[in-house]
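Here is the naming used below: chain letters follow the sequence lines, and residue numbers restart at 1 for every chain. All values derive from a computational prediction rather than experimental measurement.
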2 protein chains.
Amino acid sequence: MGERLSQHERALRELRAMILQGRFEANARLSEPALAEELGISRTPLRQAMARLVEEGLLERLDTGRCRVASFTIEDIFDAIELRGVVEGTAARLAAERGISAAHAREGQEILASLDRAVSAPGGLDFETYVRLNARFHRLIAEMPGSAIIAREVERATRLPLASPSAFLQGQETVPDFAASLRHAQTQHRAIFEAITGREGTRAEALMREHARLARQNLRHVLKAGPSVAGKVPGLALISN
Amino acid sequence: MGERLSQHERALRELRAMILQGRFEANARLSEPALAEELGISRTPLRQAMARLVEEGLLERLDTGRCRVASFTIEDIFDAIELRGVVEGTAARLAAERGISAAHAREGQEILASLDRAVSAPGGLDFETYVRLNARFHRLIAEMPGSAIIAREVERATRLPLASPSAFLQGQETVPDFAASLRHAQTQHRAIFEAITGREGTRAEALMREHARLARQNLRHVLKAGPSVAGKVPGLALISN
DNA sequence: AAGGGCGTAAATGTATACAAAAAGCAGGCG
DNA sequence: CGCCTGCTTTTTGTATACATTTACGCCCTT
């Protein structure tokens, strides 16, 4: 599947990965010519990519026009997760209020069944599958209300710096109650889905917020576990203090 | 105050205004060379501006790379307003939960007092002042939680296509209960502010959502009033059906 | 007359050139 | 020893050139 993608798109992905992997020190100022040469492209598509990362919040534009890598406090990231829960909660509520299509219902059931198998696999937890299905579940709910705007903004909220639901899963492998935590999350997935199909909008929203709160709790565990674990979480390196 | 701004920023504002004023027909495909010449700039800064408008949702990027003016259904715009209420509501709730600074409290009181004067002016409603102060009030609440991320996302939610609280005020002048509607909104402003200072987060959030619901109701009135009134609302021209 | 193919014209994506502004640095001065 | 000043170097912002791709209209065919 030769997905032909443009230079600025490649640059966007590479730059984002570089930032999230902590390849720049926090607050580092970027040089367009230097980056362009490193990426093997000209400044034009690089600037496009940088502009998008500014929109995402991973880069900050200084008054002079230069860009620097943004740094976040723990509180900032907690806020981003909170906001993600709020926006996703709205999607869940609207889905419940408006009702969902049979196709969505079926796909939700399938994903949940697969997630069940992933968290209680006989040979231990199938981590990679869980991360992938978890993302699919959340995306499905974002699309349920049938609104392009809702879907787009949920997508954005998910990409708020370090608010990604699967971001912190990366570091959880070494956390004590890791498997239990994912089973708990999966329980929440089922509850959210049932609230949606049961047309309980308020409940669906509240449950989705609770789900985000679990993500925040997990982050706290990762941070407590120390830098050796925190280092496994992409982007956690650029947190200031 | 000679605010020196770059070409791409001028282009951004001009293009956004052109789109919102309905200067292009819905789904019109834009030509970079043509627009660049019309704006008197080269394609480079124009492309920057267009990329940002794609992010905002006012333009859509086609698979071929071309851009077209986005068109929205009424439902899309209702969703955008709903989402704005949700995000602003979160700002209000967090402000209440965390408490606000004395400076914020004082500024809120001042704005509310000025708004009171604007809605009950002896020589009739001071409309222009109301629009300006209303924007200040909402921005103040966005900044109250003291979180850069919250402030940024509220700002964004406000700019979601046609979700701006003051967008529909433009068309209300010819709507029957216009003044009464603004007095009602002002009552809500006071209630929201009091909920925040009273540390009632849940109530503050609910009130802010209710406030957004009023905006949606106003939009419905504008639409019912017919095209002569709807034409006064910037951007309403790009609604499909 | 309708449909398809081809050629021309125009659009985008990228690279590069250049001017204005900013940053850094060396040296002198207080 | 620190700080300011002027110069050099770099960086950003913009324009422009060019190649590749896409759109469009015309003509030919059936």
Side-chain angles (χ1 to χ4, degrees), chain A residues 1-19 23-71 238 240, chain B residues 1-19 23-71 238 240:
Chain A
M1 40 175 152
E3 189 184 331
R4 185 153 182 70
L5 47 95
S6 49
Q7 304 273 64
H8 67 263
E9 208 155 349
R10 281 196 327 114
L12 174 64
R13 298 186 189 185
E14 287 197 34
L15 238 186
R16 179 160 44 204
M18 286 164 76
I19 295 172
R23 190 165 148 184
F24 307 100
E25 43 188 318
N27 286 25
R29 278 169 284 277
L30 299 184
S31 159
E32 290 177 8
L35 261 181
E37 187 180 20
E38 178 172 347
L39 296 176
I41 61 178
S42 83
R43 278 179 56 213
T44 307
L46 172 63
R47 280 173 66 95
Q48 269 181 271
M50 289 173 70
R52 283 200 56 173
L53 289 174
V54 168
E55 285 286 316
E56 276 185 28
L58 253 50
L59 292 182
E60 282 175 348
R61 177 88 51 187
L62 276 52
D63 306 336
T64 79
R66 294 197 73 163
C67 279
R68 74 167 176 204
V69 179
S71 72
L238 53 79
S240 77
Chain B
M1 44 174 149
E3 189 184 331
R4 187 155 180 71
L5 46 93
S6 50
Q7 305 273 63
H8 66 264
E9 208 156 348
R10 280 195 330 114
L12 174 64
R13 299 187 189 184
E14 287 197 35
L15 237 187
R16 180 159 46 204
M18 287 165 73
I19 295 173
R23 188 160 152 190
F24 308 100
E25 46 189 317
N27 286 25
R29 277 171 285 278
L30 299 185
S31 159
E32 290 178 8
L35 260 182
E37 187 179 21
E38 177 171 348
L39 295 176
I41 60 179
S42 83
R43 279 178 56 214
T44 308
L46 172 64
R47 280 174 66 94
Q48 270 182 271
M50 290 173 70
R52 283 201 55 174
L53 288 174
V54 168
E55 286 285 316
E56 278 185 28
L58 253 50
L59 292 181
E60 282 176 348
R61 177 87 52 187
L62 275 54
D63 306 336
T64 80
R66 294 198 72 163
C67 280
R68 75 168 173 203
V69 179
S71 72
L238 54 77
S240 78

| query | Can you name the nearest heavy-atom pair linking Asn27(B) to Ser71(B), along with the distance? | reply | OD1-OG, 3.2 Å
| Under the salt bridge (Lys or Arg N to Asp or Glu O under 4.0 Å) test, residues paired with Arg61(A) that sit two or more places apart | none
| query | Rounded to whole angstrom units, what separation is found between the CZ atom of Arg43(A) and the C1' atom of dC18(C)? | reply | 11 Å
| Length of the line joining Leu5(A):CG and dT14(C):C1', which is rounded to integer Å | 15 Å
| remark: Whole-Å distance, Glu37(A) CD to dT10(D) C1', equals 14 Å
| remark: Closest non-hydrogen contact found for Ala70(B) with Leu238(B) is O-CD1, 4.0 Å
| request: Just do the side chain to side chain contact (heavy atoms under 4.5 Å, CB included) check on Arg29(B) and Thr64(B) with the steps written out, would you? | output: CA-CA 12 Å; Arg29(B) 277 171 285 278; Thr64(B) 80; over 6 Å; no
| query | Do Arg52(A) and His8(A) come within less than 4.5 Å of each other through their side chains, counting heavy atoms only? | reply | no
| said: In the structure I gave you, are the side-chain heavy atoms of Ile19(A) and Leu59(A) within less than 4.5 Å of one another anywhere? | reply: yes
| request: For Arg23(A), enumerate each residue passing the salt bridge (Lys or Arg N to Asp or Glu O under 4.0 Å) test, keeping only those at least two apart in sequence or located in another chain. | output: Glu38(A)
| said: Does dT14(D) have its OP1 or OP2 closer than 4.0 Å to a side-chain nitrogen or oxygen of His8(B)? | reply: yes
| task | Measure the spacing between CG of Leu46(A) and OG of Ser42(A) and express it to the nearest 0.5 Å. | result | 8.0 Å
| request: Locate the shortest heavy-atom distance separating Glu25(A) from Val69(A); write the atom from each residue and the value. | output: O-CB, 4.4 Å
| message | I'd like to check the salt bridge (Lys or Arg N to Asp or Glu O under 4.0 Å) partners of Arg66(B); sequence neighbours left out, ordered by chain and number. | response | none
| task | Output the residues of residues 44-69 of chain B in contact with DNA chain C, where contact means a heavy atom of the residue under 4.0 Å from an atom of the strand; sort by number or write none. | result | Arg47(B), Gly65(B), Arg66(B)
| Please give, in whole Å, the distance from dA15(C) P to Ile41(A) CD1? | 7 Å
| Picking from dA15(D), dT14(D), dT14(C), which would you name as closest to the side chain of Ser6(B)? | dT14(D)
| said: Which residues in residues 24-33 of chain B have a heavy atom closer than 4.0 Å to any atom of DNA chain C? | reply: Leu30(B), Ser31(B), Glu32(B), Pro33(B)
| Glu9(A) CD to dT12(C) P: how many Å, rounded? | 17 Å
| request: With the side chain counted from C-beta on, respond yes when Thr44(A) and Arg47(B) share a heavy-atom pair under 4.5 Å apart, and no when they do not. | output: no
| field | Sequence-aligned protein contact record of nucleotides 4-9 of chain D, with B where the base is within under 4.0 Å of a protein heavy atom and S where only the sugar-phosphate is | value | ------
